[in-house]
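Written out below as structure tokens is the structure these notes cover.
Just so we're clear, the structure is a prediction, and the values are computed from it rather than from any experiment. Just so we're on the same page: letters track the sequence lines, and every chain starts at 1.
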Number of protein chains: 2
Amino acid sequence: MDFQQQSKAAIRASGGRITSQRELLIDLLAAHNDEIDAETLHQLASQHDPNINLATVYRTLHTLEAAQVITSHYVSTDHERKVYRINTKQDVFHFTCRRCGRMTTFNSPLVGQIKAALAAELGAVELTLCMCAGGLCAQCQAETAETG
Amino acid sequence: MDFQQQSKAAIRASGGRITSQRELLIDLLAAHNDEIDAETLHQLASQHDPNINLATVYRTLHTLEAAQVITSHYVSTDHERKVYRINTKQDVFHFTCRRCGRMTTFNSPLVGQIKAALAAELGAVELTLCMCAGGLCAQCQAETAETG
DNA sequence: TTAACTGCAAAGCCTTTGCTCGTGA
DNA sequence: TCACGAGCAAAGGCTTTGCAGTTAA
């Protein structure tokens with residue numbers, strides 16, 4: 001069962017309806033291989049349905065997240081913006097340079113280990129982790145050294 | 001040099017002034033051994049200076065963070081609220097239960113390892129990490145099992 | 001003296017919510 | 001049919017900012 005089918009099944013299973021807006025958003029999420037924030041998704045959706053509302057996008061994202069077919073987290077220590085992605089087993093996080101703002105995706109088996117440690121120590125389940133790193137990237141270090 | 005002296009020196013070094021408000025906030029931060037959010041710090045400060053404004057608290061926290069004597073990060077996956085703490089070498093993060101909202105502090109050598117991995121792989125420096133975990137705590141699992 | 005700082009209030013930013021009309025099942 | 005969902009606009013919650021008066025150095 002692919003993402004679209006899975007999403008629709010989950011929505012129906014909880015008594016929800018498949019509206020044209022939801023279907024569009026699900027398709028866009030499926031086609032988008034990376035994380036995406038609500039506003040960008042809304043912009044994409046607007047190209048197909050100019051009347052779709054940002055609130056609808058947020059509500060649909062919540063619905064899908066509750067159905068556990070997508071996950072969300074924040075991407076930088078500064079930017080207060082949530083991104084959403086199709087639920088994968090992989091743990092990904094981001095490094096954002098304080099100076100140039102460039103973002104780098106990062107993933108490490110250590111993240112899984114942290115989850116395991118949390119589960120073991122606290123007995124917690126359904127763990128989601130939000131991780132974002134900030135700092136000075138290599139290039140900005142060099143430029144800072146030059147210009148002072 | 002203790003935290004207070006260090007903070008004042010850093011403020012002066014950047015052309016800033018030591019106002020009574022800043023001095024009060026620095027003292028409160030020094031006395032507070034844990035993380036604290038802007039509003040709580042403001043409440044504490046109000047007991048000593050009833051006129052101190054929340055905006056001043058935020059501005060002072062930014063100043064101190066820029067001076068690198070304190071650090072900040074979010075404590076829940078919702079990024080609801082930023083907390084500040086005296087700059088220590090220790091990496092701490094938090095687990096928040098999705099159901100009861102209880103927060104548990106957690107710290108693991110793995111966090112340091114992730115920083116090291118980031119530094120090694122990206123060549124980044126001045127790393128700050130925002131880490132927060134969400135999930136279902138042991139107690140809520142039990143209660144959920146009972147009530148359905 | 002005078003540039004930096006404060007208090008106040010208002011604005012920003014992302015996200016959520018109340019309301020009413022529309023629509024899927 | 002009729003409860004769920006959409007669109008719209010306004011509100012919410014934390015944080016930032018413009019302004020004018022205040023104060024450290």
Side-chain angles (χ1 to χ4, degrees), chain A residues 7-26 28 35-43 45-46 48-67 70 72-84 101 130 132, chain B residues 7-26 28 35-43 45-46 48-67 70-84 96 101 130 132:
Chain A
S7 301
K8 292 178 193 170
I11 288 173
R12 273 192 270 258
S14 61
R17 294 171 186 171
I18 310 302
T19 64
S20 64
Q21 292 89 341
R22 285 180 174 185
E23 191 155 30
L24 170 59
L25 293 169
I26 288 169
L28 289 171
E35 296 177 328
I36 190 168
D37 62 79
E39 203 176 315
T40 305
L41 181 58
H42 175 237
Q43 283 167 13
S46 299
H48 297 83
D49 174 358
N51 293 318
I52 197 168
N53 194 272
L54 184 55
T56 301
V57 173
Y58 275 110
R59 283 190 275 231
T60 301
L61 287 169
H62 291 171
T63 301
L64 294 174
E65 196 173 7
I70 65 172
S72 72
H73 67 112
Y74 291 85
V75 283
S76 97
T77 48
D78 297 333
H79 296 155
E80 266 279 34
R81 184 167 288 205
K82 220 172 186 171
V83 297
Y84 300 82
C130 162
C132 11
Chain B
S7 301
K8 292 178 192 170
I11 289 172
R12 273 192 269 259
S14 60
R17 292 171 186 173
I18 310 301
T19 64
S20 64
Q21 292 90 339
R22 285 179 172 185
E23 191 155 30
L24 170 60
L25 292 170
I26 289 169
L28 289 171
E35 296 177 327
I36 190 168
D37 62 79
E39 201 175 316
T40 307
L41 180 59
H42 176 237
Q43 282 167 13
S46 298
H48 297 84
D49 174 357
N51 294 318
I52 196 167
N53 194 273
L54 184 55
T56 301
V57 173
Y58 275 110
R59 283 191 276 231
T60 302
L61 288 169
H62 290 171
T63 302
L64 293 174
E65 196 174 6
I70 66 172
T71 55
S72 73
H73 68 110
Y74 290 85
V75 284
S76 91
T77 50
D78 292 340
H79 276 208
E80 277 165 351
R81 187 166 289 202
K82 219 173 186 172
V83 298
Y84 300 82
T96 308
C130 163
C132 12

Atom [atom1] in [X], atom [atom2] in [Y]: separation rounded to 0.5 Å?
X	Y	atom1	atom2	answer
A:Leu41	A:Leu28	CG	CG	6.0 Å
B:Gln21	B:Asn51	CD	CG	9.0 Å
B:Gln43	B:Ile52	CD	CD1	12.5 Å
A:Asp37	A:His42	CG	NE2	12.0 Å
B:Ile11	B:Ile26	CD1	CD1	4.0 Å

Nearest-angstrom distance from the residue atom [atom1] of [X] to [atom2] of [N]:
X	N	atom1	atom2	value
B:Lys8	D:dA24	NZ	C1'	14 Å
B:Leu24	D:dT23	CG	C1'	17 Å
A:Tyr58	D:dC8	OH	C1'	16 Å
B:Arg22	D:dA25	CZ	P	10 Å
A:Asp37	C:dT16	CG	C1'	17 Å
B:His42	D:dT15	NE2	P	13 Å
B:Leu54	C:dA11	CG	P	18 Å
A:Leu25	D:dG5	CG	C1'	13 Å

With 3.5 Å as the limit, what N/O pairs link the protein to nucleotides 22-25 of chain C?
from: C:dG24; atom 1: N2; to: A:Arg17; atom 2: NH1; distance (Å): 3.4
from: C:dG24; atom 1: N2; to: A:Arg17; atom 2: NH2; distance (Å): 3.0
from: C:dA25; atom 1: OP1; to: A:Ile18; atom 2: N; distance (Å): 3.3

Legend entry - Residue pairs passing the side chain to side chain donor-acceptor pair (under 3.5 Å) test where at least one lies in residues 56-67 of chain B, sequence neighbours excluded: B:Glu65-B:Ser72

Legend entry - For the student: nearest non-hydrogen atoms of A:Ala38 and A:Leu54, plus distance: O-CD1, 3.9 Å

Legend entry - Closest non-hydrogen atom pair, A:Ala45 against A:Leu24: O-CD2, 3.7 Å

Side chain of [X]: nearest nucleotide among [options]?
X	options	answer
B:Ala38	D:dT15, D:dG5, C:dG7	D:dT15
A:Asn51	C:dT6, D:dG7, C:dT15	D:dG7
A:Asn53	C:dT6, C:dC14, D:dC8	D:dC8
A:Ile52	C:dC5, D:dG7, D:dG5	D:dG7

Inset, instruction - Would you kindly compare B:Gly15 and B:Ala55 by the position of their nearest DNA chain C nucleotide and give the one closer to the 5′ end? - result: B:Gly15

Legend entry - Heavy-atom side-chain contact between B:Lys8 and B:Glu23 under 4.5 Å: yes

Inset, instruction - Ignoring backbone atoms, establish whether A:Gln21 has a side-chain N or O less than 4.0 Å from OP1 or OP2 of D:dG7. - result: yes

Inset, instruction - Answer with base, sugar-phosphate or nothing: what part of the nucleic acid does B:Arg59 contact at a heavy-atom distance below 4.0 Å? - result: base

Legend entry - A:Thr63 vs B:His62, nearer the 5' end of DNA chain D by closest nucleotide: A:Thr63

Legend entry - Global bending angle along the helix from C:dT1-D:dA25 to C:dA25-D:dT1, which compares the axes of five pairs at either end, to 10 degrees: 30°

